[in-house]
Amino acid sequence: ALVVTGTSGAGKSTLLGILLGTLAPTSGSLMVVLGDKREVPMKDIRPSLLQGIGYVGAESFLIEGTILENLTYGLDRTATTEQIHSALKLAECQFVFEMSEGLTHFISEQGHGLSAGQKQRLSLARALLRHPKVLILDEPTANLDADTEERLVDTFIRLKSEMTIVAVTHRPAVARMADKRLSL
């Protein structure tokens, strides 16, 4: 796990955008080293790389629809009930099962009726449901209380054996999962 920290405006989210290929560097180029040691420009292999990346941005992305539709949005396969429940549990989304309609609960594009932390955790569950090789997190606990944040950091620590994690944060608790740190 790499945890990136720094002051506001230092370029942390910009770095993530460059890693995701949504932003181009203003100078130089982003190269990806393949297993056979060849270096390939990110722009040439971005579509195939994105299939193995789970991303949770600082702003939660939701669509108008049910919680289930939000969780499976963009998924290129059918998720089993067990996989969905596991992703919800890992992302601390027990609140879904406390709702009278559960997974069929309808939410708006802005997620009216859900707290910022609930929206953030649903976005995390969606990313985890992809079974990513790399999980990229931009302020993953910014909207959470301290207890929920600690439980999620514990989950990230457990997930490090299954995937690479790159997290941008201002929160000291998230830094606890770092194997490497980068300060901008």
Side-chain angles (χ1 to χ4, degrees), residues 1 3-4 8 12-23 46-47 49-156 159 162-171 173-174 177:
V3 175
V4 182
S8 294
K12 299 178 301 297
S13 295
T14 299
L15 174 63
L16 293 186
I18 291 170
L19 289 176
L20 290 166
T22 59
L23 297 174
R46 182 175 183 263
L49 283 179
L50 289 179
Q51 294 173 8
I53 294 175
Y55 172 70
V56 180
E59 298 289 325
S60 299
F61 171 77
L62 298 174
I63 60 168
E64 184 172 318
T66 65
I67 287 178
L68 180 60
E69 289 168 334
N70 271 275
L71 290 171
T72 58
Y73 181 81
L75 199 60
D76 62 357
R77 61 177 168 72
T78 303
T80 66
T81 301
E82 182 179 321
Q83 290 169 328
I84 291 167
H85 285 221
S86 176
L88 288 168
K89 182 179 177 186
L90 287 170
E92 295 291 326
C93 290
Q94 294 85 342
F95 65 88
V96 169
F97 301 106
E98 296 167 2
M99 297 174 161
S100 61
E101 297 170 327
L103 291 170
T104 60
H105 179 81
F106 189 85
I107 56 176
S108 71
E109 191 173 327
Q110 291 79 29
H112 289 301
L114 296 177
S115 72
Q118 289 172 325
K119 292 181 223 179
Q120 193 170 35
R121 288 178 282 159
L122 280 177
S123 294
L124 176 59
R126 179 177 48 233
L128 292 174
L129 197 53
R130 298 176 62 89
H131 300 291
K133 292 181 176 118
V134 179
L135 183 61
I136 298 180
L137 307 166
D138 193 352
E139 297 292 353
T141 63
N143 298 305
L144 304 180
D145 62 81
D147 289 340
T148 305
E149 179 180 50
E150 286 297 327
R151 289 192 306 273
L152 266 183
V153 170
D154 288 342
T155 297
F156 295 145
L159 289 173
E162 300 172 31
M163 65 189 70
T164 298
I165 300 174
V166 178
V168 160
T169 189
H170 286 104
R171 310 265 301 224
V174 176
M177 74 169 157

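Along the sequence shown, residues are numbered consecutively beginning with 1. Everything numeric here is computed off the predicted structure, so don't read it as measured data.
From His105, atom NE2 reaches atom OG1 of Thr66 across 10.0 Å, with rounding to the nearest 0.5 Å. Atom CD1 of Ile165 and atom CZ of Phe156 lie 6.5 Å apart (nearest 0.5 Å).
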(request) Applying side-chain contact (heavy atoms from CB on, under 4.5 Å), run through Ile107 and His112 and close with a yes or a no. (result) CA-CA 6 Å; Ile107 56 176; His112 289 301; over 6 Å; no
(request) For the pair Met99 and Leu114, evaluate side-chain contact (heavy atoms from CB on, under 4.5 Å) and give the outcome as yes or no after the intermediate values. (result) CA-CA 11 Å; Met99 297 174 161; Leu114 296 177; 3.3 Å; yes
(request) Take Leu135 and Leu128 through the side-chain contact (heavy atoms from CB on, under 4.5 Å) test and state the conclusion after the steps. (result) CA-CA 8 Å; Leu135 183 61; Leu128 292 174; 4.0 Å; yes
(request) With side-chain contact (heavy atoms from CB on, under 4.5 Å) as the test, would you mind laying out the steps for Val166 and Leu15 before giving the verdict? (result) CA-CA 11 Å; Val166 178; Leu15 174 63; over 6 Å; no
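The environment of CD in Glu162 is crowded: more than 12 heavy-atom neighbours from other residues, nucleotides or ligands sit within 6.0 Å.
The nearest pair of heavy atoms linking Asn70 to Ile63 is OD1-N, 2.7 Å. Taking each heavy atom of Gln94 and Lys89 in turn, the nearest pair found is NE2-O, 4.3 Å. Nearest heavy atom pair, residue Arg126 against residue Tyr73, reads CD-O, 3.7 Å. For the pair Arg121 and Leu152, the tightest heavy-atom approach, listed with the atom from each and the gap, is CG-CD1, 4.4 Å. Heavy atoms only, all atoms of each residue included: Phe106 and Glu101 are closest at N-OE1, 4.2 Å. Listed here is the closest heavy atom pair of Ala116 and Ser60: O-OG, 4.4 Å.
Sorted by first and then second residue, the side chain to side chain donor-acceptor pair (under 3.5 Å) pairs involving residues 145-156 (not counting sequence neighbours) are Glu92-Arg151, Thr141-Glu149, Asp145-Thr148, Thr148-Arg151, Glu149-Arg171, Glu150-Arg176, Asp154-Arg176, Thr155-Arg158.
Thr104 has its side chain out of reach of Leu68: every pair of non-hydrogen atoms, C-beta onward, lies at least 4.5 Å apart. A 4.5 Å side-chain heavy-atom check between Ile53 and Lys133 finds every atom pair outside the cut-off. Between Asp138 and Val56 there is no side-chain heavy-atom pair separated by less than 4.5 Å. Between Asn143 and Ser115, the closest side-chain pair of non-hydrogen atoms is not below 4.5 Å. Taking the side chain as every heavy atom from C-beta outward, Leu103 and Val96 approach each other to under 4.5 Å.
At distances below 3.5 Å, at least one donor-acceptor pair connects side-chain atoms of Ser123 with backbone N or O atoms of Lys119. Remark: the backbone N or O of Leu20 is paired with a side-chain donor or acceptor of Arg46 at under 3.5 angstrom.
Scanning for side-chain hydrogen bond (donor to acceptor under 3.5 Å, both in side chains) contacts around His85 gives an empty result, with sequence neighbours left out. Taking Thr78 as the reference, nothing meets the side-chain hydrogen bond (donor to acceptor under 3.5 Å, both in side chains) condition, with sequence neighbours excluded. For Thr169, the side-chain hydrogen bond (donor to acceptor under 3.5 Å, both in side chains) criterion is met by no residue, not counting sequence neighbours. Residues satisfying the side-chain contact (heavy atoms from CB on, under 4.5 Å) criterion with Glu82, sequence neighbours excluded, are Thr80. When the side-chain contact (heavy atoms from CB on, under 4.5 Å) test is applied to His170, the partners found at least two apart in sequence or on another chain are Ser8, Lys12, Glu139.
Only one option out of Leu88, Thr72, Leu90, Leu124 pairs with Leu129 in a side-chain contact (heavy atoms from CB on, under 4.5 Å); it is Thr72.
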